[in-house]
Amino acid sequence: MRALIRSSLLVGATVLATDAPASELGDAGRGEKLFSQCKGCHQIGRGAENRIGPHLNTLFGRKAGGLEDFRYSKSMARAGAAGLEWHAETLDGFLENPRSIASGTRMSYRGMKDDGQRADLIAYLRVHSDSPRDIPEADPTASGTDHDVDPEILAIAGDPEYGEYLSSECKTCHQSDGGDDGIPSITLWPVEDFVVAMHAYKEKKRQNPVMQMMAGRLSNEEIAALAAYFGALEED
Amino acid sequence: MALNRRVFLGTTAALAATLTAPAAIGQARPRVVVIGGGAGGATAARYIAKDSKGAVDVTLVEPTRTYFTCFFSNLYLGGFQELADIGHTYGTLAADYGINVIHDWATGVDRDAKTVTLAGGHTLSYDKLILSPGIDFVDGAVPGWDVTQQNRMPHAYKAGSQSELLKAQLMAMPEGGTFAMIAPPNPYRCPPGPYERVSMVAHLLKQNNPTAKILVVDPKEKFSKQALFEEGWAKHYGGMIERIGPDFGGGNVKVDAQAMTVDIDGSVETVDVCNVIPAMKAGRIAEIAGVTEGNWAPVNAADMSTKADPDVYVLGDAAAQGDMPKSGFSANSQAKVCANAVRGALTGSKVFPAKFSNTCWSLIAPEDGVKVGATYEATPEKIASTESFVSQTGEDADTRAATYRESLGWYQGITADMFG
């Protein structure tokens with residue numbers, strides 16, 4: 001196991017040193033490791049579903065904001081309506097600086113600055129894109145929903161009215177229109193992801209001390225209420 | 001009742017909204033007057049208007065057309081924000097939330113008649129009055145200084161022209177000159193504020209005037225985030241900052257604004273720029289309304305109503321509420337509890353239990369942000385602290401940079417929460 005960690009560190013170092021132009025096809029294997037940065041919100045591979053972010057199977061050729069069953073930011077929907085489609089080139093620009101392509105995207109990711117890393121990630125996304133038969137017969141790689149939260153807690157039906165009141169405390173920092181500048185958007189998160197994240201803060205498995213403190217005093221019912229409220233929030 | 005409802009609906013749609021308001025049936029919409037358009041007042045006005053969906057008539061009285069937030073004004077001094085970045089107007093509150101925004105000074109409150117008088121001559125009637133006037137300075141707190149001297153020795157503790165003046169003075173300081181700050185005694189607005197200001201001034205001078213000196217004259221033994229600031233000052237601004245605490249006469253200071261001198265316990269220093277932050281008290285309208293005891297207005301923790309009058313509420317810096325620091329975040333937090341209670345009292349909407357929280361971010365140097373925060377609950381006696389945290393000394397650069405970015409996000413969040 002230790003040897004494995006060491007060799008993956010070496011891979012990491014090589015990736016950092018790579019400075020290949022993004023137009024060259026990257027290494028999907030390295031891209032798979034980089035995808036760990038995306039897993040918290042996006043699923044890819046067999047059984048992938050929309051979570052906080054849309055699933056990323058068959059992404060190439062997809063219109064921006066193009067999945068019917070995912071609620072995108074207005075900004076992303078507008079970009080799609082204006083003709084933005086996902087291909088290596090457009091993905092490269094978006095991954096380098098998401099807000100330069102869709103200023104109001106709810107994606108809480110600041111951008112991948114290294115050209116070579118972007119090429120590797122795009123190569124990995126491409127593996128899952130050409131056609132369904134290209135999806136490897138492997139388990140989904142996304143682990144955003146790995147957790148040990150009690151199913152009974154997850155099953156609590158939250159009261160959105162109470163959630164709206166409680167949410168006023170969240171909105172001092174988290175903007176309800178999904179704006180994200182140093183503090184991530186939590187608007188329209190799926191209920192389960194919201195509940196899992198809040199319990200992770202409560203148990204101090206997630207690190208931010210402000211959030212540990214805020215979540216620490218919320219009851220299971222209050223977390224459910226907030227999840228119900230934010231999960232259904234309309235953009236202003 | 002059904003007949004009445006039809007009659008009402010037939011008459012005016014606006015009145016229909018008041019049908020759910022037990023206090024208001026048969027009369028005009030219940031009226032809330034909010035005095036002060038900062039973190040407490042703007043938030044309270046917006047939440048009452050937004051959540052009552054027009055059932056409550058909300059008037060916001062704020063003298064300035066462009067409100068400059070005191071939070072982040074130190075970042076303007078340090079060159080991390082433009083003044084325009086921290087200025088906000090009230091157009092959205094008026095247009096999108098239906099709030100009647102009046103740019104005027106409130107000069108009188110008649111609690112028996114339930115009216116507020118404005119400097120412009122108008123009188124406003126209220127069912128509930130919310131005062132969020134921020135701070136004023138205690139007369140004679142620093143001998144030799146009063147507000148008539150504020151152009152020679154700015155306080156810059158209400159943001160805007162005073163911040164601009166202080167920055168201009170700092171930029172014009174002679175090479176190797178001395179900047180003095182007279183720090184305030186407890187309690188005062190924004191506990192880390194003077195020390196973040198020292199950090200930002202040091203950053204500015206390091207760029208423009210690296211041999212300049214900073215002298216902090218402080219009546220307090222200890223101050224907020226002290227270990228973090230002192231670590232940062234040694235790391236980023238070694239040798240530039242000297243702090244004189246009460247043991248060395250920091251509590252016995254007077255100034256002469258014409259001579260530009262600071263007298264510290266009998267020893268007179270000539271300085272080039274002097275920032276006097278005097279002892280503070282509740283904004284004057286709270287005193288005029290007769291809801292203060294001493295310098296501040298005591299309030300009930302459950303809803304921010306004053307001890308003096310259940311129909312008058314005080315938010316933010318002006319309130320004596322217990323354990324919360326006088327910060328914009330605290331005022332915003334208290335405003336939401338108050339808005340929920342006021343709306344409940346006027347329209348019969350559900351009132352949820354009070355919850356309060358606060359976090360104060362400070363910038364020490366570029367990408368070196370720290371924070372302190374706590375949660376609070378309402379007890380019969382006061383707003384009481386339940387849990388707290390503070391950044392640690394020796395944190396790595398990534399953590400500090402993330403904390404700074406978080407503060408930028410918070411600024412966007414809270415100003416959207418205040419001004420819509």
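Labels below follow one simple rule: chain letters A, B, ... track the order of the sequence lines, proteins then strands, and each chain is numbered from 1.
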- Verify salt bridge (charged side-chain N to carboxylate O under 4.0 Å, His left out) between Lys33(A) and Asp120(A), making sure each step is shown before the conclusion. CA-CA 9 Å; Lys33(A) 290 192 178 67; Asp120(A) 292 340; over 6 Å; no
- Message: Pair Arg189(B), Asp317(B) - check salt bridge (charged side-chain N to carboxylate O under 4.0 Å, His left out), show working.
- Response: CA-CA 6 Å; Arg189(B) 160 180 284 183; Asp317(B) 298 349; 2.5 Å; yes
- After noting the C-alpha distance and the side-chain angles of Glu367(B) and Arg400(B), does the key distance pass the salt bridge (charged side-chain N to carboxylate O under 4.0 Å, His left out) rule? CA-CA 6 Å; Glu367(B) 301 281 297; Arg400(B) 291 297 177 86; over 6 Å; no
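Proximity to chain B among residues 202-210 of chain A is limited to Lys204(A), Asn208(A), Pro209(A), Val210(A), judged by heavy-atom separations below 4.5 angstrom. Contacts with chain A (heavy atom to heavy atom, under 4.5 Å) involve these residues of residues 331-338 of chain B, listed by number: Asn332(B), Lys336(B), Val337(B). Residues of residues 382-398 of chain B lying within less than 4.5 angstrom of chain A, judged on heavy atoms, are Glu387(B), Ser388(B), Phe389(B) in numerical order.
Closest of all the heavy-atom pairs between Tyr72(A) and Ala77(A) is CB-N, 4.5 Å. Across all non-hydrogen atoms, the minimal contact from Gly420(B) to Leu93(B) is N-CD2, 4.3 Å. Closest non-hydrogen pair, Ala232(A) versus Leu188(A), comes out as C-CD2, 4.2 Å. The two residues Met213(A) and Asn358(B) come nearest to each other via the heavy atoms CE-O, 4.1 Å.
Contacts with chain B were tallied for Arg217(A), Glu169(A), Arg110(A); Arg217(A) has the most, counting heavy-atom pairs under 4.5 Å. Between chain A and the residues Thr375(B), Thr403(B), Leu408(B), the most heavy-atom pairs under 4.5 angstrom are made by Thr375(B). Of the listed residues Tyr404(B), Phe352(B), Phe356(B), the one with more heavy-atom pairs under 4.5 angstrom with chain A than any other is Phe352(B). Of all the listed residues (Ser357(B), Ala416(B), Ser407(B)), the one sharing the greatest number of non-hydrogen pairs under 4.5 Å with chain A is Ser357(B). The candidate with the highest count of non-hydrogen atom pairs below 4.5 Å against chain B, out of Gly216(A), Cys173(A), Ser168(A), is Ser168(A).
Taking the six-membered ring for Trp and thresholds of 30 and 60 degrees, Phe419(B) and Tyr90(B) have ring planes more than 60 degrees apart, a perpendicular arrangement. The aromatic rings of Phe72(B) and Trp410(B) sit perpendicular, their planes meeting at an angle over 60°, well past the 30° parallel limit.
Of the atoms belonging to Tyr47(B), it is side-chain heavy atoms, and not backbone ones, that fall under 4.5 Å from chain A. With a 4.5 angstrom heavy-atom cutoff, Thr359(B) touches chain A only via side-chain atoms. Using a 4.5 Å cut-off between heavy atoms, Asp96(B) makes no contact with chain A at all.
At least one donor-acceptor pair under 3.5 Å links the side chain of Gln321(B) to the backbone N or O of Met324(B).
Side-chain N/O atoms of Lys371(B) and Ser362(B) include no donor and acceptor closer than 3.5 Å. Side-chain contact annotation: Tyr376(B) with Ser330(B), donor-acceptor N/O pair under 3.5 Å absent.
Looking only at side-chain heavy atoms (C-beta outward), Val299(B) and Tyr313(B) stay at 4.5 Å or farther from each other. Side-chain contact between Leu56(A) and Gln43(A): absent, with no pair of heavy atoms (C-beta onward) separated by less than 4.5 Å. By the 4.5 Å heavy-atom criterion applied to side chains, Met76(A) and Met107(A) are not counted as neighbours.
Close placement of the Trp86(A) and Phe94(A) rings is indicated, their centers lying within 6.0 Å of each other.
Within the structure, side-chain hydrogen bond (donor to acceptor under 3.5 Å, both in side chains) contacts touching residues 153-166 of chain A (residues at least two apart or in different chains) are Tyr162(A)-Glu222(A).
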